[in-house]
Amino acid sequence: METKYIFVTGGVVSSLGKGIISSSLACLLKSRGFRVTIQKFDPYINIDPGTLNPYEHGECYVTEDGHEADLDLGHYERFTNVHTSRANSVTTGRIYQSVIDKERRGDYLGKTVQIVPHITDEIKRNVKFLGNTGDYDFIITEIGGTVGDIESLPFLEAVRQLRWELGQNSLCIHLTYVPYIAAAKELKTKPTQHSVKALQEVGIQPDILVLRTEKEVSPEMRRKIALFCNVSPDSVVQSKDVNSIYKVPLTMHEQHLDEIVMRKTGTPVNGEPQMGKWLDFVNKLDNATEKVSIGLVGKYVELQDAYKSINESLFHAATYADRKVDIICIHSEKINEANVAEKLDGLDGVIVAPGFGQRGIEGKFVALKWCRENDIPTFGICLGMQCMVIEFARNVLGLEDANSTEMNPHTHDNVIDLMEEQKNISNLGGTMRLGAYDCELRSGSKAAQAYGTLHVRERHRHRFEFNNEYRERYENAGMECVGENPNAHLVEIVEIPSKRWYIGTQYHPEYSSTVLSPSPIFRSFMEAAIAYHDEKAK
Ligand code: GLN
């Protein structure tokens, strides 16, 4: 079949969950046997979110091929179980950079380079890039931002032009908000009407409206919206709040979103999506009552999206173990020797989060020392693993000044040090050790048991590494280096086998946990936390 292009725009307010709607639609189409991918076009000038801090942008997601991407790509992968790549996340900055490079090369043959047509053509080229590979039946393109923003205009203009070029092979889904006004006890449709009007003003008529709402939007109200917004009445779908994002594909299917999309793009509709495994997962999450409590130690814990993939991975792991996970956020800056027991006691497991820079680092050491000494199941991820290594050096190896050269460039014991290939890098954007690398596991280790194999590939995002000069001392003292990159001999996993579960990974397993294939190491950590919980209860 010819590739179909679905554009997803948003109006009224941001944070409506275009990513979840796009992912849910992709999940349904994938379950019908189609080859689907989702891409995000973000209207900011940064080349990628890699240089943005979590206060600006939440988590920075990393693709297999080493692209630092918008966190929505995480949802795309978690819902579809399909890897994304550099081509799935494009920003205004990338578009402009490419146009300016072409201009410098002389590609425009003396023409004046303009937003229309040069920027819009470049956007269109990028929109169609994955479609042109022939690998996909459906390409879902999420346009970041909200209709009416100055910066999304070139993207919307590109969508307008593409709708003409692609005809029935494309459609536009517009996501809006229907607020409930408590004082009037009424849902209000006016913002939706205005938002559709704003879209029409730039020449785009949406084909399908998805209404985000906290309360039921009556069929009558939906008919009214259809009438005023020029949309067929069966194409107004509501997305009412649910207690888990993983239920959204089901609520979308109940309202036939997948069928409407197929019908409108001339795709024969037959059969039903095969959602059996997905339903099993949703049933498990509904039926889980017993709790498991995991402490997340980090410096951005007050931000909902800063550790998105870790939260989701914990949720996947707990759900498969028929438990409800309670994630207790613990601010690393607020942990000290005096209060650590009070803050961590009673938890079934602790995760020490990834991160950059000095802030909050000492609290991570204090937490780790307490967890190690009290034998709590503990999982260190990236910086968290590096902190495990430093804490062990200070308190077990007796190297009091041990540190990462990231935190103290003059430390006497640089147990974590800058990677050799990082030493001459001065640009911060896109220059870390990024993307998936091989890791060989030591047979018999807990990590190997967790994965059930001796060879894994996981994604990275770091500049510093375990300093191999200290390896022997660690091994002799009981912290083993049980995962190694076979080419560069970088240490990728450390563990203390004498503990219940004390493992640090230099890589980020959270980026590859999906609903249908949850991360094995998160599952193993969760099982250890549950076992510890049950042990305490006895
Ligand atoms: N700051 C550390 C490094 O660059 C860890 C990075 C991380 O946790 N993602 O190596």
Side-chain angles (χ1 to χ4, degrees), residues 1-9 17-39 75-76 79-82 127-128 130-143 159 162-176 196 204-212 217 219 222-223 225-227 229-240 242 245-282 515-516:
M1 68 183 252
E2 280 179 298
T3 306
K4 313 290 182 186
Y5 290 84
I6 316 297
F7 299 101
V8 180
T9 55
K18 285 192 297 268
I20 302 294
I21 294 296
S22 304
S23 301
S24 298
L25 175 61
C27 172
L28 292 169
L29 293 170
K30 173 107 195 299
S31 307
R32 286 178 171 274
F34 293 108
R35 301 166 306 159
V36 190
T37 192
I38 318 174
Q39 53 191 11
H75 290 309
Y76 303 167
F79 277 69
T80 62
N81 221 12
V82 174
V127 168
K128 289 193 286 188
L130 285 171
N132 290 339
T133 61
D135 293 340
Y136 300 102
D137 303 316
F138 284 93
I139 308 272
I140 300 174
T141 304
E142 179 187 343
I143 306 292
V159 171
L162 281 165
R163 299 284 329 264
W164 278 101
E165 279 174 35
L166 297 164
Q168 213 201 356
N169 288 329
S170 72
L171 62 75
C172 173
I173 300 177
H174 188 55
L175 180 63
T176 75
V196 171
I204 300 173
Q205 170 61 50
D207 302 276
I208 299 172
L209 296 178
V210 177
L211 314 173
R212 283 286 286 119
V217 183
R222 273 182 261 165
R223 270 195 300 276
I225 291 174
L227 182 67
C229 296
N230 231 11
V231 174
S232 56
D234 64 346
S235 301
V236 180
V237 165
Q238 64 169 334
S239 175
K240 215 172 104 191
V242 277
I245 52 172
Y246 299 117
K247 290 186 180 170
V248 180
L250 307 176
T251 60
M252 290 299 108
H253 179 59
E254 276 162 23
Q255 299 175 81
H256 315 290
L257 180 65
D258 46 340
E259 288 155 45
I260 300 168
V261 165
M262 289 163 73
R263 197 161 26 79
K264 287 195 186 270
T265 54
T267 314
V269 184
N270 42 33
E272 284 287 308
Q274 299 301 310
M275 295 290 282
K277 285 193 177 146
W278 195 276
L279 278 167
D280 290 345
F281 179 83
V282 170
V515 167
L516 297 184

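- In this structure, Val237 and Ile260 have side chains that are in contact, with non-hydrogen atoms separated by less than 4.5 Å.
- Summarising the geometry, atom CD1 belonging to Ile21 is positioned 11.0 Å from atom CD1 belonging to Ile38; distances are rounded to the nearest 0.5 Å.
- At a threshold of 4.5 Å between non-hydrogen side-chain atoms, the residues Lys240 and Leu211 do not count as touching.
- A donor-acceptor contact shorter than 3.5 Å is absent between the side chain of Glu259 and the backbone of His253.
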Under the side chain to side chain contact (heavy atoms under 4.5 Å, CB included) rule, what do Ile173 and Leu175 come out as? Steps first, then yes or no, please.
CA-CA 7 Å; Ile173 300 177; Leu175 180 63; 5.7 Å; no
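- Here the closest non-hydrogen pair linking Val127 and Gln39 is O-NE2, 2.9 Å.
- Judged by distance alone, the side chain of Asp258 and the main-chain N or O of Leu29 form no donor-acceptor pair under 3.5 Å.
- Under the 3.5 Å distance criterion, the side-chain polar atoms of Arg222 are matched with a main-chain donor or acceptor of Val217.
- The shortest heavy-atom contact between Gly19 and Glu142 is CA-OE1, 3.3 Å.
- Counting only residues at least two apart or in different chains, side-chain hydrogen bond (donor to acceptor under 3.5 Å, both in side chains) contacts with residues 18-29 are absent.
- For the atom pair NZ (Lys264) and CD1 (Ile208), the distance works out to 6.0 Å, reported to the nearest 0.5 Å.
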Chi angles and distances behind the side chain to side chain contact (heavy atoms under 4.5 Å, CB included) call for Met275, Leu250:
CA-CA 9 Å; Met275 295 290 282; Leu250 307 176; 3.9 Å; yes
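- When side chains are defined from C-beta on, Ile139 does not count as touching Lys128, because their heavy atoms never get closer than 4.5 Å.
- Ring centers of Phe34 and Tyr136: at least 6.0 Å apart, outside the cut-off.
- Atom CG in Leu162 sits 11.5 Å away from atom SG in Cys172 (nearest 0.5 Å).
- Side-chain atoms of Gln274 and Ser31 form no donor-acceptor pair, as typed in the model, at a separation below 3.5 Å.
- Enclosure of atom CD in Glu165 by more than 12 non-hydrogen atoms of other residues, nucleotides or ligands within 6.0 angstrom is indicated.
- Between Ala26 and Thr80, the shortest heavy-atom contact is CB-CG2, 3.5 Å.
- Expressed to the nearest 0.5 Å, how far CZ of Phe79 lies from CD1 of Ile245 amounts to 4.5 Å.
- Under a 3.5 Å cut-off, the side chain of Trp278 and the backbone N or O of Tyr246 do form a donor-acceptor pair.
- With respect to the salt-bridge test (charged N to carboxylate O, under 4.0 angstrom), the residues Asp234 and Arg263 qualify.
- Contact annotation: the side chain of Pro206 approaches that of Val196 to within less than 4.5 Å [non-hydrogen atoms, C-beta and beyond].
- Residues satisfying the ring-ring contact (aromatic ring centres under 6.0 Å, His included) criterion with Phe7, sequence neighbours excluded, are absent altogether.
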Take Asp135 and Leu130 through the test side chain to side chain contact (heavy atoms under 4.5 Å, CB included) and record every step on the way to the result.
CA-CA 7 Å; Asp135 293 340; Leu130 285 171; over 6 Å; no
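- The closest side-chain heavy-atom distance from Thr9 to Ile204 is not below 4.5 Å.
- Atom CD of Gln238 sits about 10.5 Å away from atom CZ of Arg212, to the nearest 0.5 Å.
- Evaluation of the salt bridge (Lys or Arg N to Asp or Glu O under 4.0 Å) rule for Lys30 yields no partner, not counting sequence neighbours.
- The OG atom of Ser232 lies 12.0 Å from the CG atom of Leu227; values are rounded to the nearest 0.5 Å.
- Checked by atom type and distance alone, the side chain of Lys4 pairs as donor or acceptor with a backbone atom of Thr265 at under 3.5 Å.
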List the steps, then state whether side chain to side chain contact (heavy atoms under 4.5 Å, CB included) holds for Asp137 with Val36.
CA-CA 6 Å; Asp137 303 316; Val36 190; over 6 Å; no
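- Heavy-atom minimum distance, Met262 versus Phe138: CG-CZ, 4.4 Å.
- Between Asn81 and Val515 there is no side-chain heavy-atom pair separated by less than 4.5 Å.
- With respect to the salt-bridge test (charged N to carboxylate O, under 4.0 angstrom), the residues Glu254 and Lys247 do not qualify.
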